[in-house]
Trainee: 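I have a structure I would like to understand better, so I am pasting it below and will then ask my questions one at a time.
To find a chain, count down the sequence lines: A is the first, B the second, and so on, and within it residues start at 1.
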There are 2 protein chains.
Amino acid sequence: MTIHQTPSRLVTIADVAREAGVGESTVSRVLRGQGSFSKRAGERVLEAADRLGYVPNRLAGSLAGNADSAGSQLVGVVIPSLTNIVFPDLLRGLTGALDGAGFQSVVGVSDYDPDREEALVAGLLSWRPAALVLTGLEHTELTVTRLRAAGIRIVEMIDTDGPGLDIAVGFSNRAVGHASARHLIGRGYRRIAYVGHDLGRDLRAAKRLAGFEAALAESGLALHARELVGDRSSAASGRAALEALMARVPDTDAVYFSNDDMALGGYFACLGRGWAVPERLALFGCHALDITEAMPQPLSTMRTPRLAIGRAAAEALSAGSPPGTIDLGFELSEGATA
Amino acid sequence: MTIHQTPSRLVTIADVAREAGVGESTVSRVLRGQGSFSKRAGERVLEAADRLGYVPNRLAGSLAGNADSAGSQLVGVVIPSLTNIVFPDLLRGLTGALDGAGFQSVVGVSDYDPDREEALVAGLLSWRPAALVLTGLEHTELTVTRLRAAGIRIVEMIDTDGPGLDIAVGFSNRAVGHASARHLIGRGYRRIAYVGHDLGRDLRAAKRLAGFEAALAESGLALHARELVGDRSSAASGRAALEALMARVPDTDAVYFSNDDMALGGYFACLGRGWAVPERLALFGCHALDITEAMPQPLSTMRTPRLAIGRAAAEALSAGSPPGTIDLGFELSEGATA
DNA sequence: TCGCGCTTTGGCAGCGCTGCCAAGAATTTC
DNA sequence: GAAATTCTTGGCAGCGCTGCCAAAGCGCGA
């Protein structure tokens, strides 16, 4: 092994062409396996490229390529959070499938802030991505304008309760909330409370609650109580919120949580206080996180197809699906807590 | 609002120059706030850019810019997993700080596979990133060769047990394992078992175990038993593995888990079986995930500075820190399970 | 009014790559 | 054997931007 000096200039296609004794275009064709070239040329180029340690410069490639529209093979992704495991799951499905199709993901985290999303979208667009994948259907006016002007494919993940900009992949959060309430009502619970995190920011959770309350109303019921924590969704918040709720409204017989991690915290509160679940208090979550399946009593929750959403988003993009909504549904995970 | 046709050609700097009645260079200077230009020119350019909805093309910018080395403002990131919350945490710290410094992250997930990492690194390098951020110190030979040849800054996160390529930010996994064992020994446990996931892939977990066993050996002890699941780390795996272990070696008095989520699964197993924690069985985890702090008995574990590692990585890059290792340490989270 | 030094400005050559085109080589057809 | 067809190939323009340079504009003292 030789001492390696940082080369003053990286190897370019011209270097490879010289080394292989062919023209630049030939190198380009061989390296992309496109167009026609002789076997001999192919071998020489590949050999030369290896010998020089050539790494193509996609920046240049994308710039030169089809300059009209989607130049690059980058896909911009904006998710609201990495804390809530829901979004890493989405990301996993997305990047997994995107990788397979030869795309790279540029990721931004908006922290549930529309203005932050706006800034991220602007930044991402400057890389001339082939497409942009966002979370949710709500965006600032400027964001929408920019997205329209960019003339690229847009995917909005996780929410199908409303018109999308281009392709929407997800499920109806309203329907999830509605079905959750139906389940609790069916089980005979009547004094049902809600425990959630900041609704102003997490609009999907707000939609679930709206669907939930609608179902209650259909049965002549109303939310027995609600306890909101300003914080982001977490087990600790769920635990604290449930304890606060029960101190305030002790005759509550079931609780609907904004999220499984909140519900897990609630379960911990019950364990700590010795409240029998579901006899004393029933718990119902959302999303069916892996963790809640390992609980002594598996959590009653709604399984949402997070991985599949990410994958479907990627597939819709690489397949060039027409605009529209792809509803992947959800499924009751019966569990043993409600 | 007018009907918006996808423009056949996106607005370029030349369009802005024409609209503003100035030269291209002036537009470039104004837009980047670099070099000198008159107030008047500045205003006209900004106005024109807004009017046309100009979005700079960073592809072109990076290509033209300082072509010698770190052209772009992209930073490549490779993490092994998004399932294990440890990595989203790293990513969060990283992207947060990187955003602040004007970088965008291109993310790849290697799934703990060195060959996959190799492919991802090759792919990321083709975007001529300003730097690359990897996880762990172990890479294929070809990966190392390519990284060296790229002549860019490299950060390796989370592991400081060995020589890094450039900048390493993290903590000593060996030391974590060692300290965990010291704690258990100090508490009087002697029949200590290990429950973990696939060690061949998660090399950091393997290093922790090595440190753990070394500490045991220093006290004249050895691992009482070990139970490995081929699966990835999860609460369900932890639960199943602990039950299998206890069926096999029932006199175990403490268990060291590869990870907090495995430990949480173990805790659930204890709850289900009615094993008193820590009297019948002590549990010790790793990483101090948020969730485990909300448990009725907080998990005894090691708090690792995941967010800080991501942040420190970003800062080392933007500050142009010299090569070397940044050890952020770790901290015992005493909890109540061991 | 002129000349000097400073600020401001526009033109132009690339950055590395791909698409297009036309020329040359190889192959086939009659 | 000549013409027609196909396959290979290299040259060159240009993607949108920035850096460099020289020219133009400006302020001010002599």
Side-chain angles (χ1 to χ4, degrees), chain A residues 7-45 48-49 52 54-74 125-130 150, chain B residues 7-45 48-49 52 54-74 125-130 150:
Chain A
S8 59
R9 220 175 102 280
L10 259 30
V11 182
T12 73
I13 217 171
D15 300 320
V16 178
R18 205 175 314 113
E19 178 82 7
V22 300
E24 291 184 27
S25 339
T26 303
V27 175
S28 175
R29 279 187 291 257
V30 171
L31 259 24
R32 283 176 304 138
Q34 222 179 67
S36 65
F37 49 86
S38 63
K39 203 173 156 189
R40 196 180 115 83
E43 282 164 7
R44 299 193 57 167
V45 167
L52 297 176
Y54 172 74
V55 178
N57 184 341
R58 297 246 240 162
L59 246 40
S62 294
L63 184 61
N66 34 345
D68 49 300
S69 62
S72 91
Q73 295 290 85
L74 289 172
L125 283 177
S126 71
W127 292 106
R128 295 289 184 272
Chain B
S8 60
R9 223 174 101 278
L10 258 29
V11 181
T12 73
I13 217 172
D15 299 321
V16 178
R18 204 175 315 115
E19 179 81 7
V22 299
E24 293 183 25
S25 337
T26 303
V27 175
S28 174
R29 277 187 291 257
V30 171
L31 259 22
R32 284 177 304 139
Q34 223 180 68
S36 65
F37 50 87
S38 63
K39 204 174 154 187
R40 197 180 114 83
E43 281 164 6
R44 300 196 53 167
V45 166
L52 297 177
Y54 172 74
V55 179
N57 183 341
R58 297 246 241 164
L59 245 40
S62 295
L63 183 61
N66 34 343
D68 49 296
S69 62
S72 90
Q73 295 290 86
L74 289 172
L125 283 177
S126 70
W127 292 105
R128 294 291 184 272

Trainee: What pair of heavy atoms forms the shortest contact from B/Leu63 to A/Ala60, and how long is it?
Mentor: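 The answer is CD1-CB, 3.7 Å.
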Trainee: Starting at CZ of A/Arg32 and ending at C1' of C/dT18, how long is that distance when rounded to a whole Å?
Mentor: 6 Å
Trainee: Rounded to the nearest Å, what distance is computed from the CD atom of residue B/Gln73 to the C1' atom of nucleotide D/dT18?
Mentor: 13 Å
Trainee: Measure the angle between the two terminal helix axes of the helix from C/dT1-D/dA30 to C/dC30-D/dG1, five base pairs each, and quote it to 10°.
Mentor: 50°
Trainee: What's the CG-P distance between B/Leu31 and D/dG16, to the nearest Å?
Mentor: 16 Å
Trainee: Starting at CG of A/Asp15 and ending at C1' of C/dC15, how long is that distance when rounded to a whole Å?
Mentor: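 About 13 Å, once rounded to whole Å.
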Trainee: Please pick, from D/dC17, D/dC15, D/dT18, the nucleotide with the shortest atom-to-atom distance to any side-chain atom of B/Thr12.
Mentor: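 Of the candidates, D/dC17 comes closest.
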Trainee: Look at the side chain of A/Arg58 and the backbone N and O of B/Trp127, then say whether any donor-acceptor pair between them is shorter than 3.5 Å.
Mentor: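 Between the backbone of B/Trp127 and the side chain of A/Arg58 there is no qualifying donor-acceptor contact (under 3.5 Å).
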Trainee: Ignoring hydrogens, what is the shortest heavy-atom contact between B/Thr26 and B/Ala41? Give both atom names and the distance.
Mentor: CG2-CB, 4.2 Å
Trainee: Using the side-chain heavy atoms of B/Gln34, tell me which of these nucleotides is nearest: D/dT18, D/dG19, C/dG16.
Mentor: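 The listed nucleotide nearest to B/Gln34's side chain is D/dG19.
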Trainee: Quick one, A/Val27 with A/Val22, criterion side-chain contact (heavy atoms from CB on, under 4.5 Å). Give me CA distance, side-chain angles, the key distance, then yes/no.
Mentor: CA-CA 7 Å; A/Val27 175; A/Val22 300; 3.7 Å; yes
Trainee: For a quick check, with a 4.0 angstrom heavy-atom cut-off, what is the B/S/- contact string for nucleotides 4-12 of chain C, read 5' to 3'?
Mentor: ----BBBB-
Trainee: If the test is side chain to side chain contact (heavy atoms under 4.5 Å, CB included), which one of A/Ile13, A/Val16, A/Asp15 qualifies with A/Glu24?
Mentor: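 When side chain to side chain contact (heavy atoms under 4.5 Å, CB included) is applied between A/Glu24 and each of A/Ile13, A/Val16, A/Asp15, only A/Ile13 qualifies.
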Trainee: Considering all heavy atoms of both residues, which atom of A/Arg128 and which atom of B/Leu59 are nearest to each other, and what is their separation?
Mentor: CB-CD2, 4.2 Å
Trainee: Give the rounded distance in Å between these two atoms: CG of A/Asn57 and P of C/dC15.
Mentor: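 Computing the A/Asn57:CG to C/dC15:P distance gives 12 Å.
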Trainee: Could you state the atom-to-atom distance from CG of A/Leu10 to P of C/dC15 in whole Å?
Mentor: 13 Å
Trainee: Could you give the CG-to-P distance, from A/Leu59 to C/dT18, as a whole number of Å?
Mentor: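 Computing the A/Leu59:CG to C/dT18:P distance gives 12 Å.
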Trainee: Looking at every heavy atom in both A/Val11 and A/Leu52, which two are closest together, and how far apart are they?
Mentor: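 The pair with the smallest heavy-atom distance is CG2-O, 3.4 Å.
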Trainee: Give, for atom OG of A/Ser28 and atom CZ of A/Phe37, the distance between the pair rounded to the nearest 0.5 Å.
Mentor: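 A/Ser28 OG to A/Phe37 CZ: 10.5 Å, rounded to 0.5 Å.
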Trainee: C/dC15, OP1 or OP2 - any side-chain N/O from A/Arg58 closer than 4.0 Å?
Mentor: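 So the side-chain polar atoms of A/Arg58 never come under 4.0 Å of the phosphate oxygens OP1 or OP2 of C/dC15.
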Trainee: What's the shortest heavy-atom distance between A/Tyr54 and A/Leu31, and which atoms?
Mentor: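 The pair with the smallest heavy-atom distance is CE2-CD2, 3.4 Å.
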